[in-house]
Amino acid sequence: MIWLKKKWQRKILTLLWPFRFIGARLTKFPPVGRLVKHFFFDGDFAVYLPHKKAQKGQVKVVLPDAVVNYFIEQASFRFQMNGCVCRETNRCQNYPSDLGCLFLGEAARGINPALGREVSVAEAKAIQKRVDELGLINMVGKLRLDRVLLAVSPGERLLTICHCCECCCLFNLLPYLATPIGRSIQKLDGVEVSVDGPCRGCGRCVETCFARAISIEEGKAVIGEQCRGCGRCVTSCPAEAITLTIEKDDFIEESILRIRSYVQVD
């Protein structure tokens, strides 16, 4: 069954969308959490790639272009969705809804053509450039939920590249999900986010953090362990008090190898 193909299926998704946070909280009851993980999140791995503007001139690393473009070039098949289900369903007022997920790999050949189209390397890179310009954040990885909703297989041959906004991303659910499910969305090794500058405690970073990993304590922002390293807090801070650093010289290579250990696109 291809859940997103027909109008009535999208209607069901629209009706259920307002209750997604309630559903996420229910996963903290162990029996519910185990079932949800098994059917929709088992074997998942995904990471957020810090936006290049969050790196503040770190010339050794060019993210997310280097990682995303590598997989675009290596992929045997590239499929661009017609629209973003999250932004469409949430009626996003801040970002265009036509920028849907990019799916890479052999399993993407099974996606119903009514949902999007095959794109070339050049077209996929042009989409990525637009994503950067809009300030959207790339989430890259293997997501069982996509395989289930799109009715494609095998899951290890389907790489998802989401273009996420802070207001509509499905994974705004992270703070409410059971820990074993939430752990599937990780921070890349080597990414560190810290408050080093003159923080005024305005709370702007708290508002933009989808993982609810930032709190204001004694008038200053504090980055918690739940941080996924997306860097949105860095770009949103009016005082430029938050810093994202990547120390490893081989960070890009390590990131690519880690993603490839979960999913193959060529």
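In this text the structure is predicted, and so the values were computed from the model without any measurement. Just so it is clear, the values below take in all heavy atoms, side chains as well, and ignore hydrogens, waters and symmetry mates. Residue numbers start at 1 and run along the sequence shown.
- With hydrogens and angles ignored, the 3.5 Å screen pairs a side-chain donor or acceptor of D44 with a backbone N or O of R144.
- Residues D132 and H51 come closest through the heavy atom pair O-NE2, 2.9 Å.
- The residue from Q128, Q80, R78, R117 that alone fulfils the side chain to side chain donor-acceptor pair (under 3.5 Å) condition with E123 is R117.
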Can you list the steps and then say if D266 with Q264 is a side-chain hydrogen bond (donor to acceptor under 3.5 Å, both in side chains)? CA-CA 6 Å; D266 45 17; Q264 199 75 19; 2.9 Å; yes

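- For E225, the CD atom counts as loosely surrounded, since its 6.0 Å shell holds 12 or fewer non-hydrogen atoms of other residues, nucleotides or ligands.
- For the atom pair SG of C162 and CG of L170, the computed distance is 8.5 Å after rounding to the nearest 0.5 Å.
- Ion pairing between a basic and an acidic side chain is recognised when a charged N comes within 4.0 Å of a carboxylate O; D98 and R130 show such pairing.
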Set out, in order, the CA-CA distance, both residues' side-chain angles and the distance that settles salt bridge (charged side-chain N to carboxylate O under 4.0 Å, His left out) for E166 and R232, then state yes or no. CA-CA 8 Å; E166 71 276 13; R232 195 177 293 280; 3.0 Å; yes

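- In this structure, CE on M81 lies 12.5 Å from CG on L99, to the nearest 0.5 angstrom.
- When side chains are defined from C-beta on, V36 does not count as touching L26, because their heavy atoms never get closer than 4.5 Å.
- Side chains of S97 and E88: a donor-acceptor N/O pair is absent below 3.5 angstrom, by distance only.
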Test log, rule ring pair (Phe, Tyr, Trp, His ring centres under 6.0 Å), inputs Y48 and F171: CA-CA 11 Å; Y48 282 87; F171 286 98; 7.4 Å; no

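- Taking CD1 of I214 as the reference point, atom CD of E207 lies at 11.0 Å (rounded to 0.5 Å).
- How far CD1 of I22 is from OG1 of T27: 13.0 Å, rounded to the nearest 0.5 Å.
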Kindly determine whether I181 and F40 satisfy side chain to side chain contact (heavy atoms under 4.5 Å, CB included), including the steps that lead there. CA-CA 9 Å; I181 299 175; F40 298 108; over 6 Å; no

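- When all heavy atoms of A124 and V119 are compared, the pair lying nearest together is CB-CG2, 4.1 Å.
- Contact of the R204 side chain with the P238 side chain is registered, since non-hydrogen atoms from C-beta on lie closer than 4.5 Å.
- Between Q226 and A211, the shortest heavy-atom distance links the atoms O-CB, 3.7 Å.
- Side-chain contact check for C167 versus Q93: every heavy-atom pair is 4.5 Å or farther apart.
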Determine, step by step, whether K37 and D42 satisfy the salt bridge (charged side-chain N to carboxylate O under 4.0 Å, His left out) criterion, reporting the C-alpha distance in whole Å, the side-chain angles of both residues, the deciding distance to 0.1 Å, and the verdict. CA-CA 5 Å; K37 185 176 187 301; D42 193 38; 3.6 Å; yes

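- Rounding to the nearest 0.5 Å gives a distance of 10.0 Å between OG of S184 and CG of L145.
- Within the 4.5 Å cutoff, no side-chain heavy atoms of N90 are placed close to those of R87.
- Between R228 and I185 the shortest side-chain heavy-atom distance falls below 4.5 Å.
- Annotation for F29: atom CZ does not count as buried by contact number, only 12 or fewer foreign heavy atoms lying within 6.0 Å.
- When all heavy atoms of F21 and N172 are compared, the closest pair comes out as CE2-O, 3.8 Å.
- Ring planes of Y262 and F45: parallel class, angle under 30° (limits at 30 and 60°).
- Between V193 and I242, the shortest heavy-atom distance links the atoms CG1-CG2, 3.6 Å.
- The closest donor-acceptor contact from the side chain of R109 to the backbone of S76 lies under 3.5 Å.
- Of the listed residues (D146, L143, L104), just one forms a side chain to side chain contact (heavy atoms under 4.5 Å, CB included) with L159, and that residue is L104.
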How far apart are the C-alpha atoms of I256 and F71, what are their side-chain angles, what is the distance that settles it, and do they pass the side chain to side chain contact (heavy atoms under 4.5 Å, CB included) test? CA-CA 8 Å; I256 289 172; F71 285 104; 4.1 Å; yes

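- Taken together through direct or relayed side-chain contacts under 4.5 Å among Ile, Leu, Val, Met, Phe, Trp and Tyr, V85 and I127 form parts of separate hydrophobic clusters.
- For Y176 and R212, the side-chain atoms include at least one donor-acceptor pair closer than 3.5 Å.
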Please test D189 against R258 for salt bridge (charged side-chain N to carboxylate O under 4.0 Å, His left out), starting from the C-alpha separation and ending with a verdict. CA-CA 10 Å; D189 292 337; R258 189 176 180 195; 3.7 Å; yes

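- Interatomic distance, CD1 of I137 versus OG1 of T235, reported as 6.5 Å (0.5 Å rounding).
- The two residues C164 and M139 make their nearest non-hydrogen contact at SG-CB, 4.0 Å.
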Go through K125 and E73 one step at a time and tell me if the side chain to side chain contact (heavy atoms under 4.5 Å, CB included) criterion holds. CA-CA 9 Å; K125 287 185 176 181; E73 291 170 359; 2.5 Å; yes

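- The one candidate from D65, V68, L136, L102 that meets the side chain to side chain contact (heavy atoms under 4.5 Å, CB included) condition with V131 is L136.
- Side chains of S236 and T208: a donor-acceptor N/O pair is present below 3.5 angstrom, by distance only.
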Can C169 and F210 be said to form a side chain to side chain contact (heavy atoms under 4.5 Å, CB included), step by step? CA-CA 8 Å; C169 178; F210 73 97; 5.6 Å; no

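- Taking the six-membered ring for Trp and the full ring otherwise, the centers of F103 and F79 sit at least 6.0 Å from each other.
- Looking only at side-chain heavy atoms (C-beta outward), R20 and L173 come within less than 4.5 Å of each other.
- Using a 4.5 Å cut-off between side-chain heavy atoms of Ile, Leu, Val, Met, Phe, Trp and Tyr, with links allowed through other members, V47 and I252 fall into the same hydrophobic cluster.
- Side-chain contact between I216 and V206: present, with at least one pair of heavy atoms (C-beta onward) separated by less than 4.5 Å.
- Taking 4.5 Å as the limit, every side-chain heavy atom of P50 sits out of range of all side-chain heavy atoms of C230.
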